[in-house]
Amino acid sequence: TGSSPQEKGSTFLQLGSSTEQQLQVIFEVLEEYDWTAFAVVTTLFPGYEDFVDYVEVLTDSSFIGWEHRGVLTLNLTDDPEGTRLRRQLREVSAQIRLLYCSREEAEAIFRAAREAGLAGPGYIWFVVGTNLGGSDQLPE
């Protein structure tokens, strides 16, 4: 005479913020903490040129005295041991780094940064991109 209770299925809606939106939030954080000196680190991941261009738009159109310390574009191929990668990361003078790359590349970059002593206290990395999710396991 009664119907059995039915479980309601969950519906998940995943909204990915655009790279531009992520950068706007990051620059608000940088401004809030008065972290005005930063460097951009990218790989050749699709969209990296737009990322670099948008960083320039945000800094050029701002009244904040941003100290943009350059762009390092990494090519991770032909460097299996990460020797060149560690050297290139050490050459970046800013302690604040905005990183644009794929998730797999981020893992390699952070491994090299740890080995080079650039991932501990005193270094702040902001990883930007719409392609970084999708895994329950976070990189170390």
Side-chain angles (χ1 to χ4, degrees):
T1 64
S3 62
S4 63
Q6 295 181 351
E7 287 187 39
K8 292 190 174 191
S10 297
T11 303
F12 292 98
L13 178 62
Q14 183 173 357
L15 298 175
S17 62
S18 71
T19 301
E20 291 87 355
Q21 290 169 323
Q22 291 177 43
L23 278 171
Q24 288 170 355
V25 171
I26 288 168
F27 273 89
E28 288 177 16
V29 171
L30 294 176
E31 180 182 349
E32 180 69 26
Y33 286 95
D34 199 28
W35 294 333
T36 56
F38 67 92
V40 172
V41 179
T42 73
T43 62
L44 299 173
F45 189 74
Y48 78 95
E49 292 163 322
D50 294 331
F51 174 78
V52 171
D53 290 344
Y54 196 67
V55 167
E56 290 178 12
V57 166
L58 285 173
T59 55
D60 291 347
S61 64
S62 173
F63 63 90
I64 307 275
W66 297 110
E67 188 180 335
H68 188 324
R69 295 198 180 166
V71 177
L72 170 61
T73 303
L74 302 169
N75 185 346
L76 301 183
T77 59
D78 300 328
D79 188 23
E81 302 299 317
T83 306
R84 183 178 65 226
L85 176 56
R86 287 189 298 275
R87 179 182 49 76
Q88 288 176 305
L89 290 174
R90 278 190 209 103
E91 292 172 357
V92 176
S93 64
Q95 293 177 297
I96 309 286
R97 294 149 188 243
L98 309 181
L99 175 62
Y100 179 84
C101 62
S102 72
R103 181 179 182 82
E104 293 77 24
E105 291 169 329
E107 292 177 8
I109 291 167
F110 281 119
R111 183 172 44 254
R114 272 193 313 277
E115 291 169 359
L118 304 170
Y123 293 93
I124 300 171
W125 292 79
F126 289 93
V127 185
V128 184
T130 57
N131 56 326
L132 298 169
S135 174
D136 293 335
Q137 184 178 357
L138 296 173
E140 187 179 327

Do you know which two heavy atoms are closest between A108 and L85, and how far apart they sit? O-CD2, 3.8 Å
Output all residues satisfying salt bridge (charged side-chain N to carboxylate O under 4.0 Å, His left out) with R69, sequence neighbours left out; order by chain, then residue number. E67
ILVMFWY network linking V29 to I64, side-chain heavy atoms under 4.5 angstrom: yes
Partners passing side chain to side chain donor-acceptor pair (under 3.5 Å) against Q88 (at least two apart in sequence or in another chain): none
Sequence neighbours excluded, which residues qualify as salt bridge (charged side-chain N to carboxylate O under 4.0 Å, His left out) partners of R90? none
Measuring from atom CD1 of I109 to atom CG of L72, what distance do you get when rounded to the nearest 0.5 angstrom? 8.5 Å
Closest non-hydrogen atoms of T36 and G65, given as atom of the first, atom of the second and distance, are CB-O, 3.8 Å
Which pairs would a plain distance check flag for residues 46-57, meaning a side-chain donor or acceptor within less than 3.5 Å of a matching protein atom at least two apart in sequence or in another chain?
unit_1	atom_1	unit_2	atom_2	d
Y54	OH	Q24	NE2	2.8

By side chain to side chain donor-acceptor pair (under 3.5 Å) - contacts of W66 (at least two apart): S62
Inter-residue atom distance T42.OG1 - L74.CG, 0.5 Å rounding: 6.5 Å
Pairs where residues 69-96 contributes a residue and the test ring pair (Phe, Tyr, Trp, His ring centres under 6.0 Å) is met, not counting sequence neighbours: none
Look up atom CD in E105 and atom CZ in R103, then write down how far apart they are to the nearest 0.5 Å. 13.0 Å
Which residues share a salt bridge (charged side-chain N to carboxylate O under 4.0 Å, His left out) with R86, sequence neighbours left out: E115
Are V25 and F38 connected in the hydrophobic side-chain network, where two residues link if heavy atoms are under 4.5 Å apart? no
Considering non-hydrogen atoms only, spot the tightest contact between T43 and C101 and give its length. OG1-CB, 3.5 Å
Distance, nearest 0.5 Å, that separates CZ of R84 from CG of D79: 4.5 Å
side-chain contact (heavy atoms from CB on, under 4.5 Å) between F126 and I96, worked out: CA-CA 8 Å; F126 289 93; I96 309 286; 4.1 Å; yes
Once side chain to side chain donor-acceptor pair (under 3.5 Å) is applied, do any residues pair with Q95, and if so which ones, sequence neighbours excluded? none
Checking side chain to side chain contact (heavy atoms under 4.5 Å, CB included) against R97, which of L118, V40, I124 comes through? L118
Criterion side-chain contact (heavy atoms from CB on, under 4.5 Å) on L76 and F45, from CA distance to verdict: CA-CA 10 Å; L76 301 183; F45 189 74; over 6 Å; no
Listed partners of Y33 passing ring-ring contact (aromatic ring centres under 6.0 Å, His included), at least two apart: W35
Could you list the residues that satisfy side chain to side chain donor-acceptor pair (under 3.5 Å) with N75, not counting sequence neighbours? T77
E91: what forms a salt bridge (charged side-chain N to carboxylate O under 4.0 Å, His left out) with it, not counting sequence neighbours? R87
Looking at CH2 of W125 and CG of L89, how far apart are the two atoms once the value is rounded to the nearest 0.5 Å? 5.0 Å
